[in-house]
Amino acid sequence: MPAGHWLEIRTGRLVLRQWWQRRRLLEQSWQQQRYIALDCETSGLDPAQDKLLALAWVELRPPLMDFSTTAYHVFATADTDLKQSPVVHGLVQRDFIAHSDPVTALQQLQAVLEGAVLVCHHVQLDWQFLRRAAERHQVKLQPLALIDTLQLEARRLRNQQHHLPRGSLTLARCRQRYNLPDYAAHHALSDAIACGELFLAQAYRFAGRANVAVREFVTK
């Protein structure tokens, strides 16, 4: 058999093995899984044009949040990246003086995401910025799955036949419904922690200590 065919077979087997491992992990109880709650601060809402300014995360092992795992990175930027404003999401120019190396930060994130579920509030937006940054710096980010606390809350409210008024799905408003404390918004680290707390509250409200599979929370 030609060497190319052997390579295709080996690649196919690897993909199949990874698919099976992922499926097996997603069938486990949600409380047995490890999660990374993450938040990005960006110069705008368009991943194709705007830049990643700050990134933070914290690890969750239900029912606990491990604050020893927190990470916070601010990346070098130019005045034009702030869209002519001296303040973006609470960040000012002096915050960028002691900036992180993006490759090092993304490699750290790659390591913690291995075998973990990524949790964000509006995960598709954050994931697009992360993926573009990772591709630009040749880093592979491969979380086990994605969970969106915004979508979880929207689903819960719609199941209760609630009308969803404008602004009802912000991170702060979602937290209020679980009697979680107010945090200063638009700081990557405080928002990552706030998102992690919200996910734990949502998961325990939905599943309690029942043996509910991780896949029940995964973003479709």
Side-chain angles (χ1 to χ4, degrees), residues 34-61 64-114 116-143 146-150 169-175 180-200:
R34 184 170 63 88
Y35 304 87
I36 301 299
L38 178 145
D39 183 72
C40 298
E41 299 298 343
T42 64
S43 62
L45 299 177
D46 185 352
Q49 298 182 15
D50 296 311
K51 292 190 177 182
L52 185 61
L53 301 180
L55 172 65
W57 66 82
V58 62
E59 183 175 306
L60 313 175
R61 292 181 181 268
L64 303 177
M65 177 181 293
D66 186 353
F67 286 96
S68 71
T69 65
T70 57
Y72 177 62
H73 298 279
V74 174
F75 304 112
T77 188
D79 289 341
T80 53
D81 294 330
L82 299 182
K83 294 191 180 299
Q84 312 306 318
S85 171
V87 179
V88 174
H89 296 314
L91 293 168
V92 295
Q93 282 295 339
R94 65 175 177 270
D95 293 319
F96 298 95
I97 296 174
H99 55 264
S100 299
D101 172 53
V103 175
T104 300
L106 289 167
Q107 287 175 342
Q108 290 176 5
L109 181 58
Q110 177 186 26
V112 299
L113 280 179
E114 182 69 30
V117 176
L118 177 63
V119 181
C120 304
H121 197 72
H122 198 346
V123 74
Q124 295 297 348
L125 181 63
D126 284 345
W127 180 239
Q128 287 181 60
F129 273 98
L130 287 174
R131 191 167 57 185
R132 289 185 70 89
E135 289 174 353
R136 184 162 57 250
H137 296 291
Q138 299 183 328
V139 176
K140 287 188 176 182
L141 300 180
Q142 296 179 308
L146 307 179
I147 289 179
D148 189 343
T149 51
L150 186 153
L169 294 175
T170 64
L171 181 56
R173 286 289 294 117
C174 291
R175 286 174 58 83
L180 293 169
D182 293 333
Y183 288 157
H186 301 306
H187 183 281
L189 184 54
S190 63
D191 282 355
I193 292 170
C195 176
E197 290 178 346
L198 175 60
F199 170 68
L200 290 174

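For clarity, every value in this text was computed on a predicted model and none was experimentally measured.
- The minimum heavy-atom distance between H122 and L150, with the atom names listed, is N-CB, 3.9 Å.
- Judged by distance alone, with hydrogens and angles left aside, the side-chain atoms of E41 form no donor-acceptor pair with the main-chain N or O of L53 at under 3.5 Å.
- Counting heavy atoms from C-beta on, the side chains of C174 and L169 come closer than 4.5 Å.
- No donor-acceptor pair closer than 3.5 Å links the side chain of R132 to the backbone N or O of K51.
- Going from atom CD of Q49 over to atom OG1 of T42 covers 12.5 Å, rounded to the nearest 0.5 Å.
- In terms of heavy atoms, L171 sits closest to A194 at CD2-CB, 3.9 Å.
- When side chains are defined from C-beta on, L55 does not count as touching F129, because their heavy atoms never get closer than 4.5 Å.
- When all heavy atoms of F75 and S100 are compared, the pair lying nearest together is CD2-O, 3.7 Å.
- Taking CG of L109 as the start and OG1 of T104 as the end, the distance is 12.5 Å to the nearest 0.5 Å.
- Within the 4.5 Å cutoff, the side chain of I147 has no heavy atoms near those of the V123 side chain.
- D126 places no side-chain N or O within donor-acceptor distance of the main-chain N or O of D39, the cut-off being under 3.5 Å.
- A search for side-chain contact (heavy atoms from CB on, under 4.5 Å) contacts involving A111 returns nothing, not counting sequence neighbours.
- For the side-chain contact (heavy atoms from CB on, under 4.5 Å) criterion with E59, the lone passing option out of L64, T69, T70 is T69.
- Listed here is the closest heavy atom pair of A105 and W57: O-CH2, 3.7 Å.
- Judged purely by atom type and a 3.5 angstrom limit, R131 has no side-chain atom pairing as donor or acceptor with the backbone of L141.
- One finds the CD atom of Q108 at 12.0 Å from the CG atom of L113 (value rounded to the nearest 0.5 Å).
- The nearest pair of heavy atoms linking E197 to M65 is N-CE, 3.4 Å.
- Summarising the geometry, atom CD belonging to Q128 is positioned 10.5 Å from atom CG belonging to L45; distances are rounded to the nearest 0.5 Å.
- Rounding to the nearest 0.5 angstrom, the gap separating the CH2 atom in W127 from the CG atom in L118 is 6.5 Å.
- A pairwise comparison of heavy atoms in C195 and H121 identifies SG-N, 3.6 Å as the closest pair.
- In this structure, the separation between CG on L52 and CZ on R136 is 8.0 Å, given to the nearest 0.5 Å.
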